[in-house]
Amino acid sequence: MRLMRTYFFYISILLCGVISAQEEKEKEEEKKITARDTLPPAEKYGFRVGVDIGRLIRTVLSEDNDDTNDEYTGFEILGDYRIYKNYYLAAEIGNESLLRNEENISVEGAGSYARIGADYNAYNNWYGMQNSIYVGLRYGFSTFNQTLNSYKIFNNSDYFPVPVRNERIEVDSLTASWVEFILGIKVETFKNLYLGANISLRRLLSEKTPDRFDNLFVPGFGRTNDYSSYNVGYTYSISYLIPFVKKKR
């Protein structure tokens, strides 16, 4: 996990470097514009679709790392549609599973999720640029199952061994919902091709739990615990813009 976060840190630094270099390039091009070309180019409106490469990287690292106690697989498709100037409708759908092998319990959560909301681009682009530094809100909903593989029974005595129960308990048709606040960037690296990164603060609104144990992982939301209904998530994406129309500023 520490290695994965290091990779993501360097990816974020790279994205910031790309947007900075592109600004310098656009400044030079803007100086070369003649008086007859002072009108800004038309901006593209369309549907942008992509995948979360962060989840793909985490899946690969989880498969290659035999020392980790967690086994993770996940995939997410994301998209947004520009409706007016700096405003976008946005959504994500995906599937995740996490097997948590801890000292006292082994439990797996797996299922599908969807998030829907809107983004606002607060970045003032230079001539011809369509990058974004945005804030957003999402409502998320997940349907999933929890499987309890084994657990230890609490024993306050050091004399007797800790009993372990290996009975498999699987509970289906569980649900959860949450809201999240997002801060992120998207950079056009090639024509209509964007790299992005964001971080989100999530708050659990509701969840359906099994009768005999709690949810330890909710797909789309992340890990859960007894002392807080908040969680933090991140996304590293690659997406492609399919332009439908072009409009002047």
Side-chain angles (χ1 to χ4, degrees), residues 1-19 47-81 88 90-101 107-117 119 131-134 136 138 140-147 176 178 180-202 215-224 231-242:
M1 181 65 72
R2 183 175 299 175
L3 179 61
M4 180 178 62
R5 290 176 179 173
T6 301
Y7 288 154
F8 290 161
F9 172 77
Y10 284 116
I11 291 175
S12 300
I13 296 297
L14 178 61
L15 287 177
C16 292
V18 169
I19 193 171
F47 180 61
R48 182 164 43 195
V49 62
V51 296
D52 179 1
I53 57 177
R55 281 176 168 78
L56 298 179
I57 293 174
R58 185 180 176 187
T59 298
V60 172
L61 292 178
S62 178
E63 293 175 352
D64 293 341
N65 189 358
D66 296 331
D67 297 330
T68 182
N69 292 325
D70 296 339
E71 298 179 15
Y72 174 87
T73 58
F75 181 77
E76 179 178 289
I77 299 175
L78 48 88
D80 62 47
Y81 181 77
Y88 298 76
E92 300 88 26
I93 58 173
N95 185 278
E96 284 187 313
S97 69
L98 178 67
L99 173 61
R100 295 179 61 175
N101 291 312
V107 62
E108 180 178 7
S112 301
Y113 63 90
R115 295 191 293 262
I116 186 169
D119 295 332
N131 300 322
S132 61
I133 298 176
Y134 64 94
R138 298 285 189 279
F141 182 82
S142 177
T143 59
F144 59 100
N145 61 67
Q146 294 281 339
T147 302
W178 66 92
E180 58 184 88
F181 172 79
I182 298 175
L183 176 63
I185 62 173
K186 289 180 181 177
V187 181
E188 187 176 16
T189 54
F190 299 98
K191 185 178 180 180
N192 296 334
L193 185 67
Y194 290 79
L195 292 179
N198 71 50
I199 186 170
S200 59
L201 176 63
R202 301 166 179 167
N215 297 319
L216 297 184
F217 176 76
V218 174
F221 178 82
R223 295 172 181 258
T224 61
N231 194 13
V232 176
Y234 55 84
T235 298
Y236 291 88
S237 64
I238 182 169
S239 56
Y240 185 80
L241 174 64
I242 305 172

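- Put simply, CD on Gln146 and CD on Glu108 are 9.0 Å apart, with the number rounded to the nearest 0.5 Å.
- Atom CG of residue Leu216 and atom OG1 of residue Thr224 lie 5.5 Å apart, to the nearest 0.5 angstrom.
- Scanning both residues, Ser142 and Trp178, for their nearest heavy atoms gives CB-CZ3, 3.7 Å.
- How far CG of Asp80 is from OG of Ser132: 8.0 Å, rounded to the nearest 0.5 Å.
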Can you check side-chain contact (heavy atoms from CB on, under 4.5 Å) on Ile77 and Phe75, steps first, answer last? CA-CA 7 Å; Ile77 299 175; Phe75 181 77; 3.5 Å; yes
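- A pairwise comparison of heavy atoms in Gly222 and Asn231 identifies CA-ND2, 3.4 Å as the closest pair.
- Inter-residue side-chain proximity for Leu201 and Val232 is flagged as met; some heavy-atom pair is nearer than 4.5 Å.
- Atom-to-atom distance recorded for Asn192:CG and Ser239:OG is 10.0 Å, nearest 0.5 angstrom.
- Taking all atoms of both residues into account, the shortest heavy-atom contact from Asp119 to Gly136 is OD1-CA, 3.3 Å.
- Using a cutoff of 4.0 Å between basic side-chain nitrogens and carboxylate oxygens, Arg115 and Glu92 are scored as salt-bridged.
- Side-chain contact check for Leu98 versus Glu96: every heavy-atom pair is 4.5 Å or farther apart.
- Put simply, the side chain of Thr59 gets close to the backbone of Arg55: a donor and an acceptor are under 3.5 Å apart.
- With hydrogens and angles disregarded, a donor-acceptor distance shorter than 3.5 Å links the side chain of Asn131 to the backbone of Glu188.
- Two residues are said to be in side-chain contact when any heavy atoms from C-beta on lie closer than 4.5 Å; Glu76 and Leu56 fail this criterion.
- Residues Ala110 and Ser97 approach most closely at CB-CB, 3.5 Å, considering heavy atoms.
- Leu241 CG to Lys191 NZ: the interatomic distance, rounded to the nearest 0.5 Å, is 10.5 Å.
- For the pair Ile238/Tyr194, no side-chain contact is recorded, criterion being any heavy-atom separation below 4.5 Å from C-beta on.
- From Leu183, atom CG reaches atom CD1 of Ile199 across 8.0 Å, with rounding to the nearest 0.5 Å.
- The closest donor-acceptor contact from the side chain of Asp52 to the backbone of Tyr236 lies under 3.5 Å.
- Under the 4.5 Å side-chain criterion, counting only non-hydrogen atoms from C-beta, Phe217 is not in contact with Leu99.
- The side-chain hydrogen bond (donor to acceptor under 3.5 Å, both in side chains) check on Asn215 picks up Glu207, with sequence neighbours excluded.
- Under a cut-off of 6.0 angstrom, the local environment of CG in Leu193 is crowded, with over 12 non-hydrogen atoms contributed by other residues, nucleotides or ligands.
- Shown here for Ser200 and Ile182, the closest heavy-atom pair between the two residues is CB-CG1, 3.7 Å.
- Nearest heavy atoms, Ser112 versus Asn95: OG-ND2, 3.0 Å.
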